[in-house]
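Presented below is the structure to which this report refers.
Here is the naming used below: chain letters follow the sequence lines, and residue numbers restart at 1 for every chain. Everything numeric in this text was worked out from a predicted model, so none of it was measured.
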Amino acid sequence: MQPFDNYAVAPEPAGLRTAYASSLNESRVGEVVQVCGWVNRIREHGEHLVFVDVRDFTGVVQCVVPRSENLHPEWVVQITGTVAERPDGTDNAQLASGRIELRDPTVRVLAEAEPIPFSLDERVELDEATRLRYRYIDLRRTRMQRNLRLRSIVNSAIRHSMEEQGFVEIETPLLWTPTPEGAREFLVPSRTQPQNFYVLPQSPQIAKQLLMVAGFDRYYQIARCLRDEDLRADRQFEFTQLDLEASFVTQSDILNFISHAIRAVVQAVRPETTIAIDTITWRDAMNRYGSDKPDRRFGAQLHDVTSIFSETQVKALNAPSVQAMIAPSPLSRARLDELVDRAKGLGAKGLLWLRVEEIDGQLSLNSPVSKFLADREQQQLVAALGAKANDTILMVADEWERAVTILGQIRLGLGRPLADQNILDFFWVIDFPLFEGLDEFGTPISAHHPFTMPNEDDFARLDTDPLSVRSQSYDLVLNGWELGSGSIRIHTSAIQSKIFEVLGIDEDTARSRFGFLLDAFKYGAPPHGGFAFGIDRLSALLAGEENIRELIAFPKTQSGSDLMTGAPKQVDADILAQLGLQPTARTKD
RNA sequence: GGACCCGUGGUGCAGCUCGGAGUGCACGCCGGCCUGUCAAGCCGGAGGUCGCGGGUUCAAAUCCCGUCGGGUCCGCCA
């Protein structure tokens, strides 16, 4: 096995070839070799000198062929030729095979090809719709070859790490039972039991907990998950997770398992990089960055300045919470107006901006509201933020979570373009709230899922102050993307019943939704917990891509279409009839 | 459900603000020339429903309305 650039690893040549393009170099001069691949480029210099570059997944090799050969780009060929050193001064340092070429070749055309619909040249930025329509051609490009091979190495490193740590790989069903909590599920009609449905699992969550009850102790799976929710740059209908669960462990053990796997992955694809995986609390993340998955590669942290404005004359600052930050880059007046609109679009009442100016050695604030700001407020604000001349201060006033979240979004929009692409900033976010808020009836809503174990120190507040209860759950974040999350699970029926009660899920409902899980827990459930992280996202960030579609061979568009196959498509009425289904007008939600 | 951006020969763009003949650039394709190129070079040629529909106008790629497709984001994603 020979490794090349772009994460390609060539096996021993076999079949129609005796060598790969990039494995040919001056050490093999004189050998007669057979290479196979696609005609990458043809350079004709007249009757006696024609260069043909043959491409395989390792790279290209130059062949000097007689002009009589009728060849075109992307034809599939087998070339038998003698490895020869190039004449002095004609080496190509950009190619692994750039010091040699194949001479006196025999060319066998294995398949002709029509002109391809777009260039494979890396420098041409293509419309994504065109790429997706001809994905099999797009995948020939170096970028996609590299990305998918990187992903393969990521998978491999994860498997090695899991096996090293004693995890057993077990597959769980793709045809599962509906679980009304959480993401919208894809339905699969049953033919043998008309009017009944399976669902495609949004994750193997419950299955893996049952494997703990079964005593497998440490389970993992590189699992496909399916969620019928709107797509984004970092979200497809189907995505792949490293899913794991372990018994008789605590939160810190789970974090160690995952950290081990993450380190193995980084070691495999970026051996020159060492990473630290530190930990911050959810509240800290929210206070400092206004996000539970902050991008910490740039500063511009948030500051709570509520107390400075407790007696302010500025009505806009009369709110439970006032948050401020220094913009990470200078902002024009037009840009500030845009930001105000954006903040309003995010639900803010407004966005206050103040420019720090230096007049006669004194810092003062220039802003639409400066004349309403007391000198004391101005001085304290400048001091609290450590503001300097020419800084722009941005402020949002509202209820705490809304204020930090909106300012956090503004921060991200301003700072992300400045972030260093080479940094890998992994960290854990811990101590999430168990509930993320109250529904319209005042009932708490699960932040993670209803099997998440509360923090034992907060148990007493489940009834009195449920929103303050922390959970034993944790997220892994990389460069501002949520890679994954996990938790310690509830394994006793007493606690589970208590949580269902707080969530307003009565016993009948619980039984109908999760009866099989609750039954299983009666027969001896070990304490257990687990985690899952998205391999599409991890691979994308390691590949320097901003979109997981670049790490997926055949992705869907934002509207859920496959532009190559045309899916989703209508099916014949008799197929629907077999399933006991009939078309009807869609009800809008 | 909502906001914004994009759609012009096979590909990538410009043209649109301020309406005047499908105008231009680069790549690719076809033909010719060319003995050391590697994004080869030079000469010539073919190739268009300006996404689609409607409107305004003497006249629409250009202005207006609608619609379809692609993208980014909000909602949504336990």
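Residue-to-nucleotide contacts include no donor-acceptor pair under 3.5 Å from the side chain of A:Arg549 to the base of B:G71. Checked by distance alone, A:Arg235 brings a side-chain donor or acceptor within 3.5 Å of a matching partner on the base of B:C77.
Electrostatic pairing of A:Glu101 and A:Arg103 counts as a salt bridge here, judged by a charged N lying under 4.0 Å from a carboxylate O. At a threshold of 4.0 Å, the pair A:Arg135-A:Glu128 does not count as salt-bridged, since none of the basic side-chain nitrogens sits closer than that to a carboxylate oxygen. Under 4.0 Å is where a charged nitrogen must lie from a carboxylate oxygen, and between A:Asp458 and A:Arg470 at least one such pair does. Ion pairing between A:Asp519 and A:Arg511 holds under the 4.0 Å rule for side-chain N and carboxylate O. Under the 4.0 Å criterion applied to side-chain N and carboxylate O atoms, A:Arg283 and A:Asp431 are not assigned as salt-bridge partners.
Atom CG of residue A:Asn25 and atom CD of residue A:Glu85 lie 10.5 Å apart, to the nearest 0.5 angstrom.
A:Thr179 comes within contact range of no nucleotide atom at all, as no heavy-atom separation falls under 4.0 Å. Residue A:Thr452 is classed as having no contact, given no heavy-atom separation below 4.0 Å to the nucleic acid. Residue-level contact check: A:Asn547 touches the backbone only, with heavy atoms under 4.0 Å from sugar-phosphate atoms and none from bases.
With RNA chain B read from its 5' end, the first of the two nearest nucleotides for A:Pro73 and A:Leu563 is the one closest to A:Pro73.
For the C1' atoms, the distance linking B:U56 with B:U72 amounts to 33 Å, nearest Å. When the P atom is used for both B:C33 and B:G70, the distance is 47 Å, rounded to whole Å.
For B:C27, the paired base is B:G10 (Watson-Crick or G-U wobble, both distances below 3.5 Å). Across the strands present, B:A46 finds no partner; the criterion is a Watson-Crick or G-U wobble pair with both atom distances under 3.5 angstrom.
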If you restrict it to nitrogen or oxygen atoms, what contacts under 3.5 Å exist between nucleotides 10-14 of chain B and the protein, and what is each distance?
residue: B:G10; atom: O2'; partner: A:Pro117; partner atom: O; Å: 2.6
residue: B:U11; atom: O4'; partner: A:Pro117; partner atom: O; Å: 3.3
residue: B:G12; atom: OP1; partner: A:Asp127; partner atom: N; Å: 3.0
residue: B:G12; atom: O3'; partner: A:Glu125; partner atom: O; Å: 3.4

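Residue A:Glu125 places its CD atom among 12 or fewer non-hydrogen atoms of other residues, nucleotides or ligands, all under 6.0 Å distant.
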* If the sugar-phosphate is the primed atoms plus P, OP1 and OP2 and the base is the rest, what is the B/S/- string for nucleotides 34-40 of chain B, using protein heavy atoms under 4.0 Å? -> BBBBBBB
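With no hydrogens or angles considered, a side-chain donor-acceptor pair links A:Asn147 and A:Glu545 at under 3.5 Å.
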